[in-house]
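Right, one structure below, let's go through it.
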Amino acid sequence: MQQKGAIQIIEWDDLDKRKFYSLGVLMTLTTRASVYPASLIRTRLQVQKGASPLYSGTLDAFCKILRAEGVRGLYRGFLLNTLTLASGQAYITTYELVRQHVSQYRPSNTLKSVLAGGAASLVAQTITVPVDVVSQQLMMQGQGQHLTRFKVKPKMALAASGRPTFGQTRDITLQIFAADGLRGFYRGYVASLLTYIPNSALWWPFYHFYTEQLSIMAPSQCPHLLLQAVAGPMAAATASTITNPMDVVRARVQVEGRSSVVETFRQLLREEGGRGLIKGLSARIVSSLPTSLLVVLGYETLKRLSLRAELIHSRHW
């Protein structure tokens with residue numbers, strides 16, 4: 001068992017895998033449902049252009065979408081997005097296995113966190129990007145449809161006001177395939193890797209760093225889970241700020257159908273300057289803070305609940 005500061009890190013070999021995976025699916029679904037509206041708002045903010053944008057900020061976008069499209073508008077594409085639950089399990093498994101492998105050669109927790117976080121994101125994004133491409137097109141329907149190449153047919157749009165349906169998903173999927181073929185579903189894949197691999201590789205070491213520092217400053221009887229719950233959002237804010245420029249580029253490549261990450265980045269700087277690089281940052285932080293809080297509380301609790309029977313009473317919460 002690796003010990004970092006006063007807090008012991010629960011490693012892969014300490015877990016009952018059956019409990020870990022069954023509880024992990026529930027944790028991932030709950031987290032995604034909680035933060036999806038912020039992700040939708042972030043995408044619309046990042047893609048909009050011009051001197052008179054539809055939304056002036058995160059709160060303005062939330063109010064306008066809620067008023068014009070209702071609560072369902074904040075969850076456009078969510079049913080499709082639940083298909084990425086598999087990527088969540090792949091992420092967790094890859095992260096833990098790479099940590100275990102690296103520990104055989106280097107004991108440094110920072111190195112294990114960087115390499116495992118990056119590798120986990122690579123695997124997860126390979127699964128997630130096709131779903132994201134379609135999901136983002138669905139996010140842009142309604143008030144944001146003028147910003148995207150693909151629009152649902154009138155009958156499908158009408159169905160959006162009724163019960164949830166996969167008709168819009170099928171419609172958008174067929175349009176993407178007709179326009180771009182299979183490659184269309186991996187549009188923005190490189191941009192996604194350039195965004196999420198650094199974000200994941202940064203989040204984990206910052207998370208452990210902040211947890212360690214907080215454990216040094218906090219009273220000895222302070223619950224470890226509380227310290228970890230504070231460290232998670234701090235790590236998210238740090239990683240999100242550093243990687244936001246690439247996230248803006250990723251969103252535009254996927255929604256606007258661009259093929260060049262470099263050219264998209266150059267055009268962004270040329271037309272909007274440095275301000276373009278922080279578009280959607282507040283929404284991204286708003287999304288990442290509760291996400292990280294839920295992930296940390298869920299993941300650390302999940303690991304404790306999944307401890308092998310002989311280790312259950314050996315960990316301080």
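If you're wondering where the values come from, they're calculated on a predicted model, not measured in any experiment.
Taking the six-membered ring where tryptophan is involved, the planes of Y95 and Y91 are essentially parallel, since the angle between them stays under 30° and well short of 60°.
Between atom CG of residue L202 and atom CD1 of residue I197 there is a gap of 11.5 Å, rounded to the nearest 0.5 Å. Put simply, CG on L269 and OG1 on T264 are 11.0 Å apart, with the number rounded to the nearest 0.5 Å. For the atom pair L74 CG and I41 CD1, the distance stands at 5.5 Å (nearest 0.5 Å). A distance of 13.5 Å separates OG1 in T243 from CH2 in W203, rounded to the nearest 0.5 Å. Between the OG1 atom of T28 and the CG atom of L294 there is a distance of 11.5 Å, given to the nearest 0.5 Å. Expressed to the nearest 0.5 Å, how far CG of L15 lies from CZ of R304 amounts to 11.0 Å.
Counting heavy atoms of neighbouring residues, nucleotides and ligands inside a 6.0 Å radius, atom CZ of R275 does not exceed 12 of them. Heavy-atom contacts from other residues, nucleotides or ligands closer than 6.0 Å to CZ of R106 number 12 or fewer.
F177 and V133 fall within the same hydrophobic cluster, where Ile, Leu, Val, Met, Phe, Trp and Tyr residues are linked whenever their side-chain heavy atoms come under 4.5 Å apart, directly or through other members. F206 is connected to M217 through a chain of hydrophobic side-chain contacts under 4.5 Å among Ile, Leu, Val, Met, Phe, Trp and Tyr, so both are in one cluster. Note: the hydrophobic cluster containing L182 also contains V131 (ILVMFWY, side chain heavy atoms under 4.5 Å, direct or indirect links). Hydrophobic clustering (ILVMFWY, side-chain heavy atoms < 4.5 Å, transitive): I176 and V129 are in one cluster. V102 and L97 end up in different hydrophobic clusters when Ile, Leu, Val, Met, Phe, Trp and Tyr side chains are linked at under 4.5 Å.
Side-chain contact between S292 and Y207 is absent, with no heavy atoms from C-beta onward closer than 4.5 Å. Residues Y21 and Q89 form a side-chain contact, since some pair of their non-hydrogen atoms from C-beta on lies under 4.5 Å apart. Side-chain contact between L40 and I65: present, with at least one pair of heavy atoms (C-beta onward) separated by less than 4.5 Å. A 4.5 Å side-chain heavy-atom check between V248 and L277 finds every atom pair outside the cut-off. Contact check for R99 versus I9: side-chain heavy atoms found under the 4.5 Å cut-off. Using a 4.5 Å heavy-atom cutoff, the side chains of F185 and T173 are in contact. Residues M246 and Y196 fail the side-chain proximity criterion, which asks for heavy atoms closer than 4.5 Å. Under the 4.5 Å side-chain criterion, counting only non-hydrogen atoms from C-beta, L305 is not in contact with K19.
Using modelled atom types, one side-chain atom of S288 and one backbone atom of I285 make a donor-acceptor pair closer than 3.5 Å. Looking only at distances, a side-chain donor or acceptor of D14 sits under 3.5 Å from a matching main-chain atom of E11. Of the possible polar contacts, one joining the Y36 side chain to the R76 backbone as a donor-acceptor pair under 3.5 Å is found. Proximity of a side-chain donor or acceptor of S121 to a complementary backbone N or O of G117 within less than 3.5 Å is not detected. Checking side-chain atoms of Q48 against main-chain N and O of Y55 turns up a donor-acceptor pair under 3.5 Å. D60 places a side-chain N or O within 3.5 Å of a backbone atom of S56 that can act as its donor or acceptor partner. No donor-acceptor distance shorter than 3.5 angstrom exists from the side chain of K64 to the backbone of F62, with no hydrogens or angles considered. Under a 3.5 Å cut-off, the side chain of K303 and the backbone N or O of I10 do form a donor-acceptor pair. The backbone N or O of T126 lies less than 3.5 Å from a partner atom in the side chain of Y186, making a donor-acceptor pair.
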Practice item. Dump the intermediate steps for side-chain contact (heavy atoms from CB on, under 4.5 Å) on L297 and L293, then the final yes or no. Key: CA-CA 6 Å; L297 290 175; L293 178 62; 3.9 Å; yes
Quiz prompt | Test salt bridge (Lys or Arg N to Asp or Glu O under 4.0 Å) applied to K112 and E96, step by step | solution = CA-CA 10 Å; K112 288 192 290 185; E96 294 293 347; over 6 Å; no
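For D13, the side-chain hydrogen bond (donor to acceptor under 3.5 Å, both in side chains) test picks out Q100, with sequence neighbours left out. With sequence neighbours left out, the side-chain contact (heavy atoms from CB on, under 4.5 Å) criterion links E272 to K49, R252, L268, K279.
Between W12 and F20, the distance separating the two ring centers is shorter than 6.0 angstrom.
Nearest heavy-atom pair, A229 versus V296, reported as atom, atom and distance to 0.1 Å: N-CG1, 3.8 Å. In terms of heavy-atom proximity, A283 sits nearest to L45 at CB-CD1, 3.9 Å. Among all heavy-atom pairs drawn from L227 and S215, the shortest one is CD1-CA, 3.6 Å. Summarising the geometry of V123 relative to A90, their closest heavy-atom pair is CG1-CB, 4.0 Å, with the distance given to 0.1 Å. When all heavy atoms of G280 and Q46 are compared, the pair lying nearest together is CA-CG, 4.1 Å. Between A231 and L214, the shortest heavy-atom distance links the atoms N-CD1, 3.9 Å.
Classification of R266 and E271 as a salt-bridged pair fails, no side-chain N sitting under 4.0 Å from a carboxylate O.
For residues 22-42, every residue pair satisfying the salt bridge (Lys or Arg N to Asp or Glu O under 4.0 Å) rule, not counting sequence neighbours, is listed here: R42-D247.
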